[in-house]
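Each remark here refers to the structure printed beneath this line.
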Amino acid sequence: MSNIVTRFPPSPTGYLHVGGARTALFNWLYARHMNGRFVLRIEDTDIKRSTQASVDAIFEALEWLGIDWDEGPFFQTKRFDVYQTYVQKLLDSGNAYYCTCSQEKIDTMRKEAMAGGGKPKYDGTCRYKGLAKTANAVIRFKAPATGTTIVKDIIKGNVVFQNSEQDDFIICRSDGTPTYNFVVVVDDITMGINTVIRGDDHLNNTPRQIMLYNALESSLPAFGHVPMVLGKDRTRLSKRHGAMSVTAYRDMGYLPDALINYLVRLGWSYGDQEFFSRDELIEKFTLENIGKSPGIFDQEKLLALNADHIKAAPPEKLSTHLLPFLSERGCLAEKGDFINSVIKTLNTRSKTLIDMAEGALFYFQEEVLYEEKAAKKFLTPASLEVLNQLIDQLKPLESFNENSLENAFKRVMETNGLKLGIIAQPVRVALTGKTVSPGIFEIIKALGKKRVISRLQNAVQLIKNRKD
RNA sequence: GGUCCCAUCGUCUAGCGGUCAGGACAUCGGCCUCUCACGCCGGUAACCCGGGUUCGAUUCCCGGUGGGAUCACCA
């Protein structure tokens, strides 16, 4: 039992993307590993950009990934009274002040600073004016102007920032709403968050937040800034790098466990191990093994890992994920022995659930749909005799098993002096309509006697019809 | 531009002063084989550069270079 409390605070301005999912994962995994708590908080203070659709999309993605939370979801827009009391605290303690400088004035100030090669900072015009609250005043934090602020980062080590780099940033907008750096700190304090794991794009924000913790006389959480995920061109991951949303991967036939495995392994390692089950991840995940350098999102490796997870998943479990893809394709499949044996014939040759669903179509067709080229090449008068003989051999068989099937084929092979290779293809086409499929014996077993005989007979009929 | 972070095969990474620099994906050969896969065997492929420290640096320190992030009344 530990008192570790982590959190994931997405802002609902779009779907959950893989980068966000990764930091969620790190926090969730760490909480689970340490037997602590994981808090979900929706950072929706930007009312203009936040949408309910995004909130729903985030929940949906987290649920699919299997990331559950112990507290929340908390919505920042419902906590304005909390922020208000903390703003007042800062005002009362002299750590914040009203500022009436116009935005235009500050913009030109920044521009001039940039032009002169300096830092674009607020110059503190209103700092000592002791202004009272007025209509359009903002509230600024009185940041220490000298000295240093050190971020003791679990991943990066000690990072030193000069306080002179910071300016008196705004904690409360002129419309009265609080800003990000402030609400994050208030939330993390009031929610008891003691471990903050987030993208290192936040590292530059951290000294500001630390100053706030200090002004509020609160103890600091442990910080861990994980390197970002980059696209193939080494820039920040975005839409143009391909599919970015978590649910897009679900729809492309990826298993949640595979995505999780890939995302965690990108930037974290456990010796040479590549494949991790969900439980193994929880068991083995620690912050110490997170790397410091940014990683590139590699679709190919994710795909390979997905194939591995498909191979490793028990058919009963896999069928849950596969069923939607089947029904999308008009197959009335349901959980049970049949689908399980179907899966067993396909799991070594499917990289995604889409592959698998496509590959499984023939099992569910009432009438085999022959590929034109395949039928033309293999369902020929020459193979008529072989198919007939096979029907004769299979009909009396009590049960279809490796042995009985092999013997049946062997007898057909021997009477015709043909190799398995020669008779397998026509049979394959007769049963599946295609030239590519799982092993011939596997298919026959999975299909079952009734379907096999009927499909073979249909093929025979087709050949006969063609002859006429 | 300022500040901050980072730097081992194409990619993800192991390495924690002495290794033939290991694994995985990708790639290229081969084997297996009823098709396609799976699987198996093998190959190509990396310590950014320059200074130190040290008997010895991929590893520690400094500098350079390169890449990334960030500089809002966004989060």
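Order of the sequence lines fixes the chain letters, A, B, ..., with proteins taken first and strands second; residue numbering starts at 1 for each chain.
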List, one per line, each side-chain donor-acceptor pair under 3.5 Å for residues 287-296 of chain A, sequence neighbours excluded.
residue: A:N289; atom: ND2; partner: A:T286; partner atom: OG1; Å: 3.2

Could you list the donor-acceptor pairs under 3.5 angstrom formed by side chains in residues 96-107 of chain A, with sequence neighbours left out?
residue: A:Y97; atom: OH; partner: A:D168; partner atom: OD2; Å: 2.6
residue: A:S102; atom: OG; partner: A:K105; partner atom: N; Å: 3.1

Could you list all N or O pairs between the protein and nucleotides 22-29 of chain B that sit under 3.5 Å apart?
residue: B:rG22; atom: N2; partner: A:D272; partner atom: OD1; Å: 2.6
residue: B:rG23; atom: N2; partner: A:E274; partner atom: OE2; Å: 2.6
residue: B:rA24; atom: O4'; partner: A:E274; partner atom: OE2; Å: 3.3
residue: B:rA24; atom: N3; partner: A:K301; partner atom: NZ; Å: 2.8

Could you run down the sub-3.5 Å N/O contacts of the protein with nucleotides 61-64 of chain B?
none

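Contacts with RNA chain B (heavy atom under 4.0 Å) in residues 43-53 of chain A: A:E43, A:T45, A:D46, A:R49, listed by number. Of the residues in residues 229-237 of chain A, A:R234, A:T235, A:R236 come within less than 4.0 Å of RNA chain B through at least one heavy atom, sorted by number. Annotation: proximity of residues 400-419 of chain A to RNA chain B (heavy atom, distance under 4.0 Å) is found for no residue.
Rounded to a whole angstrom, the distance from the C1' atom of B:rU11 to that of B:rU44 is 16 Å. Only the P atoms considered, B:rU3 is 32 Å distant from B:rG10, to the nearest whole Å. On the C1' atoms, B:rC9 is 27 Å away from B:rC61, given to the nearest whole Å. Annotation: B:rC5 and B:rG52 have their P atoms spaced 26 Å apart (nearest Å). With both ends at atom P, the span from B:rG66 to B:rG50 equals 16 Å, rounded to whole Å. The gap from the C1' atom of B:rA46 to that of B:rU53 amounts to 26 Å, rounded to the nearest Å. Of the C1' atoms belonging to B:rU13 and B:rC6, the separation is 15 Å, rounded to the nearest Å. Remark: the separation of the C1' atoms in B:rG42 and B:rU58 is 27 Å, to the nearest Å.
Remark: side-chain polar atoms of A:R234 are not paired, donor with acceptor, to backbone N or O of A:L230 under 3.5 angstrom.
Taking 90° from 0 as the syn/anti boundary, the base of B:rC38 is oriented syn.
Contact of A:T179 with B:rC73 (side chain to base): no donor-acceptor pair of N or O atoms is detected under 3.5 Å. With hydrogens and angles left out, the side chain of A:R349 and the base of B:rC38 share no donor-acceptor pair within 3.5 Å.
Every residue two or more places apart in sequence or in another chain was checked for a side-chain hydrogen bond (donor to acceptor under 3.5 Å, both in side chains) with A:K351, and none qualifies. The salt bridge (charged side-chain N to carboxylate O under 4.0 Å, His left out) test applied to A:D123 returns no partner, not counting sequence neighbours. Partners of A:F80 under the ring-ring contact (aromatic ring centres under 6.0 Å, His included) rule, at least two apart in sequence or in another chain, do not exist in this structure.
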What does nucleotides 41-49 of chain B look like as a protein-contact string, B for base, S for sugar-phosphate only, - for none, at under 4.0 angstrom between heavy atoms?
---------
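Between A:S269 and B:rA14 there is a side-chain N or O to OP1 or OP2 distance below 4.0 Å.
Legend: salt bridge (Lys or Arg N to Asp or Glu O under 4.0 Å) pairs involving residues 405-429 of chain A, not counting sequence neighbours: none detected.
A:N416 and A:E385 share no side-chain donor-acceptor pair at under 3.5 Å.
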